[in-house]
Each structure stands twice: as C-alpha cells, then as structure tokens.
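All remarks here apply to the structure that follows.
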Amino acid sequence: MTYEMKKEFQIFAAKIRIGVIEGTYNAKAGHPGGSLSVADLLSYLYNAEMNCSVEDPKDPNRDRLVLSKGHAAPALYSALANKGYFPVEDLKTLRHIDSYLQGHPNMNTVPGIDMSTGSLGQGISAACGMAKAAKCMGKDNIRVYTVLGDGEIEEGQVWEAMMFASQYNLNNLCVIIDSNGLQIDGLCSDVMSAEPIDEKVKAFGFDYIVIDGNDFDDIEKAFDEFHKSEKPFAVIMKTVKGKGVSYMENAVDWHGKAPNKDEYETAMAELNKKLAELEAE
C-alpha cells in the first residue's frame, strides 16, 4: 500500500466518522460506538476492495455487502453518501419521520444497500444465500461481504450459516467480525463470551485471519488472504468501539445513544481537526 493510498483511505474514514456523528446527533438516537469502529473497514471496502459503482448501483455482477450488524447503519450511510450514492447533507435526516435513512439499512429506499438488515444474526444467512446464488449462476467472481458484531455472534443462527457456508464451499464469502469487546449490556466476555472466535471459525471450516481492524495495512493483508483462500473466509477484526472520538472510545454507554449539543461539538472538533491534519499532509 502506498502512502498516497493509505492517506486516501484515512481521509475517507474520517469523513465517515463525521457523518456518523452528524447523523446520530440530528436523529437524537442511533448507535455511534459500533459505527465508528467499522469506519476504517468501510473506507477500504468501498475504495479498494469491492467491485461496485455509484454509476451502476444495481449492476448484477457487482460485489455485495450485507451489514449484518444493522445498527451500524450510520457508518454505512456515511460511506455511501461520501461515495456519491446520495447527498451527504441527507445524513442529517437519519431516523426522521419520512426520511429514507432509517435506523437500520433498507434496500428498498437507500441507494447502494444490498440487503435490509436489523435483526441480529440474520444478515450472514442472507449473505450465504447471495454467495450460493452467485455460484449457482456460474459467477464465482461475485464476492459477498458481511459484517457482524462480536455480540451478534452469540446468536445461534450465525453458526448455522457458517455450517452452510462450509458445506457448500462458499469461497466467495467473506465474514468480517467486528470484535470491539463491547455490546449493549457491557463486556462481551461478561454477557456471553464467544471466545475463542478464531478456533470456532476454523472448526466450522473457515480460513481466517486476526487483524487490527483500525489499521489499513492489516486490513489490506486480510483481503489479500481472502483472495488466496479456497474456503469461506473470516476476518476477525480487533477494533476500538467509538474509534476517533476520545470520550466514546471503549465506552459501552455509547453503544446506542446520541451525543448532546456539547458532546456533538467536542466530537466534531476532534474529527474535523483529524481530517484537516490528514488533508494537510
């Protein structure tokens, strides 16, 4: 990865994070913590990894992304808006009555969304179906990516889907687990630990890699390994919940609440300062 490429990814991730705070503040609701933790991943997916285009968002040969942890919709909306799928200004309408940007992704109203999600544990099953369908049509070049939370993988349906992926050798499927260690009720290790995640995905027939999910070199390495694999692939990302906003980082309270005016101003000052520094380099 060149210096210029990494800077491009970092700038885009900073813009995603700004959109997350803008959206949740104006909604007076939402899930900033787990949205901020996946901003770097989404930056890489939309700028380097996925075959998709704002000019032809319904291209049947495009790669698909299923945000199984659908409550992180503010990050996905921000990524799509900053790619040009719809106006960035519309992020301020998040969760408003009559807005097309509701609290969880809706493929019927939002350009660029490949699957409606929200009920945790179900998105990965939809992703498996997409990957299997691509193979049935002889289109192994279509890759399907799905993003889950480490709290979400406490759901049994997740592991049923992984059995399906292994049984049908869905080597065009990449399951990305955002392992930030926190869920709505506290530490994942206290609520219902899914560890050891790496040994479990391996036992279910996946190749896998464990990375720092907030580091672009590691993210690039992960997808390089996915491309080489002949099995379904899992990326276990160790991330910081609330990444980029000092008072939100590793704070479980920010799983599902919006910043007030003072908190919003603090967050935006930090994020805009980071963006300005990146753009000045």
Side-chain angles (χ1 to χ4, degrees), residues 33-34 37-38 40-42 44-45 49 64-72 117 119-132 135 143-243 249-250 252 255:
S37 64
V38 297
D40 301 305
L41 168 72
L42 293 173
Y44 191 87
L45 285 175
E49 174 65 14
R64 269 70 168 182
L65 174 64
V66 179
L67 186 66
S68 195
K69 49 175 277 180
H71 54 278
T117 56
S119 296
L120 293 177
Q122 296 185 4
I124 184 176
S125 293
C128 284
M130 292 176 177
K132 176 63 173 169
K135 283 189 169 289
R143 298 188 177 105
V144 182
Y145 304 81
T146 183
V147 184
L148 295 86
D150 49 356
E152 178 182 6
I153 64 174
E154 296 163 11
E155 300 270 2
Q157 182 173 346
V158 168
W159 301 98
E160 293 179 53
M162 288 193 182
M163 281 194 292
F164 179 93
S166 180
Q167 174 71 28
Y168 292 100
N169 192 32
L170 302 183
N171 60 348
N172 57 339
L173 175 70
C174 186
V175 174
I176 305 158
I177 299 172
D178 179 23
S179 183
N180 58 43
L182 296 170
Q183 59 188 102
I184 191 170
D185 293 324
L187 294 170
C188 295
S189 57
D190 291 339
V191 178
M192 184 62 68
S193 177
E195 297 291 350
I197 301 172
D198 53 352
E199 292 181 21
K200 286 177 179 172
V201 296
K202 181 180 180 181
F204 275 74
F206 278 62
D207 282 339
Y208 73 92
I209 189 171
V210 180
I211 65 165
D212 178 344
N214 298 128
D215 179 273
F216 285 107
D217 290 314
D218 266 21
I219 294 171
E220 180 181 57
K221 179 182 177 182
F223 291 116
D224 285 346
E225 292 300 312
F226 167 48
H227 298 159
K228 295 179 206 173
S229 176
E230 296 181 357
K231 296 180 179 181
F233 196 81
V235 179
I236 303 167
M237 305 194 313
K238 300 295 184 179
T239 65
V240 174
K241 194 157 191 165
K243 178 71 174 178
E249 290 190 355
N250 289 316
V252 70
H255 174 88

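When reading the values below, keep in mind they use all heavy atoms of this one structure, side chains included, and skip hydrogens, waters and symmetry mates.
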Candidates I176, T117, V66 - the one meeting side-chain contact (heavy atoms from CB on, under 4.5 Å) with V147: I176
Considering only NZ, NE, NH1 and NH2 on the basic side and carboxylate oxygens on the acidic side, decide whether K228 and E225 come within less than 4.0 Å. yes
Could you please spell out the steps behind the side-chain contact (heavy atoms from CB on, under 4.5 Å) verdict for N169 and E230? CA-CA 8 Å; N169 192 32; E230 296 181 357; 5.8 Å; no
Give a yes or no on whether M163 atom CE has more than 12 heavy-atom contacts from other residues, nucleotides or ligands under 6.0 Å away. yes
From CZ (F226) to CG (L173), nearest 0.5 Å: 7.0 Å
So OG of S68 and CD1 of I177: to nearest 0.5 Å the spacing works out to 10.0 Å
Q183 to V252 - nearest heavy-atom pair and separation: O-CG2, 3.0 Å
Between K241 and E249, is the side-chain contact (heavy atoms from CB on, under 4.5 Å) condition met? List the steps. CA-CA 6 Å; K241 194 157 191 165; E249 290 190 355; over 6 Å; no
With sequence neighbours left out, what residues match E155 under side chain to side chain donor-acceptor pair (under 3.5 Å)? none
Please name the pair of heavy atoms, one in I153 and one in I197, separated by the smallest distance, quoted to 0.1 Å. CD1-CD1, 3.8 Å
Under the side-chain contact (heavy atoms from CB on, under 4.5 Å) test, residues paired with D198 that sit two or more places apart: P196, Y208, V210, I236
K231 vs K202 side-chain heavy atoms within contact, under 4.5 Å: no
Under the rule for side chain to side chain donor-acceptor pair (under 3.5 Å), what residues qualify as partners of T146, not counting sequence neighbours? none
Which pairs with one or both residues in residues 153-176 pass ring-ring contact (aromatic ring centres under 6.0 Å, His included), sequence neighbours excluded? W159-F204, F164-Y168
Minimum-distance pair of heavy atoms, taken over all atoms of G205 and P232: O-CD, 4.0 Å
Should the pair Y145 and F223 be assigned to parallel (<30°), tilted (30 to 60°) or perpendicular (>60°) ring geometry? perpendicular
Rounded to the nearest 0.5 Å, the NZ atom of K238 sits from the CG atom of D215 at a distance of 15.5 Å
Looking at every non-hydrogen atom in both residues, tell me the closest pair between A131 and N172 and how far apart they are. O-ND2, 3.1 Å
Quick one: CD on E152 to SG on C188, what's the gap to the nearest 0.5 Å? 11.0 Å
Between atom SG of C174 and atom CG of L65, what is the distance when rounded to the nearest 0.5 Å? 10.0 Å
NZ of K200: more than 12 outside heavy atoms within 6.0 angstrom? yes
Return the set of residues passing salt bridge (charged side-chain N to carboxylate O under 4.0 Å, His left out) with E160 (not counting sequence neighbours), or none when no residue passes. none
Check V240 against S37 and note the closest heavy-atom contact, atom names and distance. O-CB, 3.3 Å
Which residue is it: L41, D40, N180? I am looking for the one with a side-chain contact (heavy atoms from CB on, under 4.5 Å) to M237. L41
Is there a side-chain contact between L182 and L187 (heavy atoms, below 4.5 Å)? yes
Gap separating the CD1 atom of I211 from the CD atom of E220, nearest 0.5 angstrom: 11.0 Å
Quick one: closest heavy-atom pair of K69 and L120, and the distance? CA-CD2, 3.9 Å
Qualifying residues under side chain to side chain donor-acceptor pair (under 3.5 Å), relative to D207, sequence neighbours excluded: S229
